[in-house]
Amino acid sequence: MFGRGTWAIFGLGKESLETFRTSLEDRAMMAASSQMAAAAITRYAHADSIGINPFSGPRLDEEHPVGAEQEEELAKFAILEPEERVSVELSPEIVDCAGYGVTEAQYRLHSGMPWYGLWAVSNEWKDVSDVASVKEHRSYRVMDRPYKFLQAVDRKTIDEDTQGVTAAVRKQVPVLLDFNDGLLYIENGNKQLIYMITVRLRQLGVEIVPVAWTYPDRPNWPADILNRLYEKTQYEAEFQKRASEAARFRSAEIEKLEDRQLEAIVANYFSMTQLSSGLWIGISCGAQIRLHKESPPITVKMPTIATTLLSMTNDANLLSGAITFQEVVSATSKKGGEYVFRKDLCCIDVNDRINLTDIGAAMLRGFGLSAFRKDILHEIKQTKDVPSIEQFWGSWLHEMSNAVRTIEATFREVLELDGDQQCGILPMKLPASVSGSDAASETESA
């Protein structure tokens with residue numbers, strides 16, 4: 001978190017907040033849902049599992065581990081169905097262990113807002129050795145020749161005798177719940193892992209609503225947005241000049257522009273458009289460009305090449321690209337003079353993978369809050385006060401929510417949609433026969 005990454009967004013049922021709060025105070029439920037229990041399941045049953053830790057304790061289970069003699073008891077308890085756990089009493093060593101989060105306060109990010117944060121921890125029982133090297137070593141010692149030179153029968157013997165080293169492989173994912181806006185954010189792009197996390201949250205009483213970026217009557221809206229922005233780009237002559245120079249000279253030989261802001265634009269983007277809202281939108285690589293309507297897309301990694309390709313044919317158009325939101329800011333220097341600079345606000349990849357419809361998630365791919373770290377460090381320098389961990393998380397959630405609203409409003413403006421028309425991140429329209437777990441595989445986005 002706090003850098004550029006991929007986030008999956010779901011809707012949250014605001015009315016499920018009280019059930020979620022109650023779950024956070026339930027020791028038996030939180031112990032069973034914890035990473036402390038999940039790790040015990042993986043070690044005891046050699047099975048994959050998922051658990052949670054509070055936002056302020058990424059490895060709380062390792063900081064305060066449960067005793068080895070209680071690990072089997074905890075694993076067996078956590079595997080039970082919720083209704084079966086009622087008749088089971090956990091030993092005090094587990095209930096009173098500090099290795100799992102319990103109470104709402106350990107997960108809440110703001111005293112006045114219903115914001116919550118946690119770590120979802122995936123545990124996979126996996127062979128962590130390099131099996132090929134183990135086979136090669138045994139082949140040298142037993143057969144006196146490399147593995148690839150063995151006869152089929154000898155190779156089978158080596159394969160049967162070779163045992164890897166298995167261990168629990170751990171992956172941690174930040175999860176943010178905003179019951180004020182009714183949105184859930186999971187920093188990951190793996191469909192299976194995201195789905196597992198939503199299952200765990202549902203077990204804690206959270207109502208999760210499938211959503212998607214939705215722009216009715218515009219089936220190819222991501223490409224439409226990019227091409228509308230490109231058609232209105234400013235600094236076209238400067239982009240073309242830089243592309244021409246890049247074709248004739250090495251990078252070190254290209255003379256930089258005296259205007260440092262303009263140099264940053266032509267060096268990093270191939271389009272820069274000002275909207276009526278005052279925001280500027282830059283398009284950069286990686287991008288995909290199609291030269292003709294029926295030609296395959298070309299993946300482009302350099303802005304100058306994108307400029308060249310887009311000017312090659314009348315049919316050339318963008319299929320995907322990374323966009324950065326900027327604002328022009330006035331500031332006062334230490335000497336008292338005023339100056340103007342461009343401030344990056346956020347960035348996002350725009351492409352046809354912006355929805356994961358089979359699990360009901362709207363995606364923020366390549367998302368980053370460009371000025372977040374710099375602004376926080378500037379504030380620390382000014383106030384001499386370092387924010388608490390919950391303030392770091394809460395500030396990120398607040399700024400990410402603002403960025404999502406900005407992105408939604410910008411897409412509406414670029415597509416020239418009526419102000420009364422519903423669009424943006426909306427609940428998915430589900431067939432009447434689809435509900436619950438079926439929604440992950442049978443829903444379709446508008």
Side-chain angles (χ1 to χ4, degrees), residues 1-14 16-17 20 24 50 52-56 58 101 107-110 113-122 171-214 325 345-350 353-357 359-370 372-373 376 389-409 411 424-428 440 445:
M1 203 167 72
F2 306 118
R4 192 163 183 172
T6 295
W7 291 83
I9 305 176
F10 293 87
L12 281 183
K14 296 182 181 181
S16 65
L17 173 58
F20 179 57
L24 295 179
I50 191 161
I52 65 172
N53 271 332
F55 66 88
S56 61
Y107 295 90
R108 189 152 187 169
L109 300 177
H110 193 283
M113 297 292 290
W115 296 345
Y116 297 83
L118 57 89
W119 292 96
V121 189
S122 167
K171 182 176 180 59
Q172 306 222 171
V173 176
V175 177
L176 297 164
L177 301 94
D178 181 352
F179 283 94
N180 185 63
D181 286 347
L183 291 176
L184 163 69
Y185 302 90
I186 300 172
E187 191 185 13
N188 202 263
N190 182 285
K191 289 188 291 187
Q192 182 178 0
L193 179 54
I194 294 170
Y195 178 71
M196 290 172 62
I197 293 171
T198 61
V199 169
R200 173 61 71 197
L201 292 174
R202 286 189 175 100
Q203 291 170 346
L204 295 177
V206 178
E207 180 189 352
I208 297 176
V209 181
V211 298
W213 291 97
T214 307
F325 294 73
L345 301 177
C346 65
C347 54
I348 181 178
D349 294 341
V350 179
R353 298 173 62 240
I354 201 163
N355 285 322
L356 280 179
T357 54
I359 60 170
M363 303 301 293
L364 294 176
R365 297 186 185 277
F367 175 79
L369 294 172
S370 310
F372 184 81
R373 181 175 180 274
I376 293 290
I389 298 300
E390 58 262 37
Q391 287 175 318
F392 277 108
W393 279 60
S395 295
W396 178 270
L397 173 56
H398 178 63
E399 294 298 328
M400 184 161 58
S401 298
N402 287 342
V404 168
R405 284 189 283 269
T406 297
I407 294 168
E408 287 181 312
F411 287 177
I425 298 178
L426 299 176
M428 294 173 66
S445 171

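- Enclosure of atom CD in Q391 by more than 12 non-hydrogen atoms of other residues, nucleotides or ligands within 6.0 angstrom is indicated.
- Aromatic ring orientation, F411 versus W213: tilted (interplanar angle from 30° to 60°).
- To the nearest 0.5 Å, the span separating OG on S395 from CZ on F2 amounts to 8.5 Å.
- One finds the CZ atom of F325 at 5.0 Å from the CD1 atom of I407 (value rounded to the nearest 0.5 Å).
- Interatomic distance, E399 CD to L397 CG, rounded to the nearest 0.5 Å: 10.0 Å.
- In this structure, K14 and G182 approach most closely via the heavy-atom pair CE-N, 3.7 Å.
- Side-chain contact between I425 and I9 is present, with at least one heavy-atom pair separated by less than 4.5 Å.
- To the nearest 0.5 angstrom, Y185 atom OH is 3.5 Å from S401 atom OG.
- P427 pairs by the side chain to side chain contact (heavy atoms under 4.5 Å, CB included) definition with V209, not counting sequence neighbours.
- Note that OG of S122 is 8.5 Å distant from CD of Q192, once rounded to the nearest 0.5 Å.
- Contact check for L109 versus L176: side-chain heavy atoms found under the 4.5 Å cut-off.
- Scanning both residues, W7 and P174, for their nearest heavy atoms gives CZ3-O, 4.1 Å.
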Residues F392, M1; criterion side chain to side chain contact (heavy atoms under 4.5 Å, CB included); working and verdict = CA-CA 10 Å; F392 277 108; M1 203 167 72; over 6 Å; no

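- Put simply, the side chain of I52 does not reach to within 4.5 Å of the side chain of L201, judged on heavy atoms.
- Residues L24 and Y116 form a side-chain contact, since some pair of their non-hydrogen atoms from C-beta on lies under 4.5 Å apart.
- Contact of the D349 side chain with the R4 side chain is registered, since non-hydrogen atoms from C-beta on lie closer than 4.5 Å.
- Nearest heavy-atom pair, F179 versus S16, reported as atom, atom and distance to 0.1 Å: CE2-OG, 3.7 Å.
- Listed by chain and residue number, K191, I194, D358, I359, A361, M363, R365 satisfy the side chain to side chain contact (heavy atoms under 4.5 Å, CB included) test with L356 (two or more places apart in sequence, or in another chain).
- Contact between V175 and L177 at its shortest, heavy atoms only, is CG1-CD1, 4.1 Å.
- Here the straight-line distance linking atom CD1 of I208 with atom CG of L12 works out to 7.0 Å at 0.5 Å rounding.
- In this pair, F55 and W393 present their aromatic rings tilted. The plane angle is within the 30 to 60° band.
- A salt bridge (Lys or Arg N to Asp or Glu O under 4.0 Å) check over residues 173-190, counting only residues at least two apart or in different chains, returns the pairs D181-R405.
- In this structure, the side chain of T357 does not engage the main chain of N355 through any donor-acceptor pair within 3.5 Å.
- Of all the heavy atoms in K171 and N188, the pair that sits closest is CE-ND2, 3.5 Å.
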Report the C-alpha separation of I50 and L193 in whole Å, then their side-chain angles, then the decisive distance to 0.1 Å, and conclude whether the side chain to side chain contact (heavy atoms under 4.5 Å, CB included) test is met.
-> CA-CA 9 Å; I50 191 161; L193 179 54; 3.9 Å; yes

How far apart are the C-alpha atoms of L345 and N402, what are their side-chain angles, what is the distance that settles it, and do they pass the side chain to side chain contact (heavy atoms under 4.5 Å, CB included) test?
-> CA-CA 10 Å; L345 301 177; N402 287 342; over 6 Å; no

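- Here the closest non-hydrogen pair linking R108 and E390 is O-CB, 4.3 Å.
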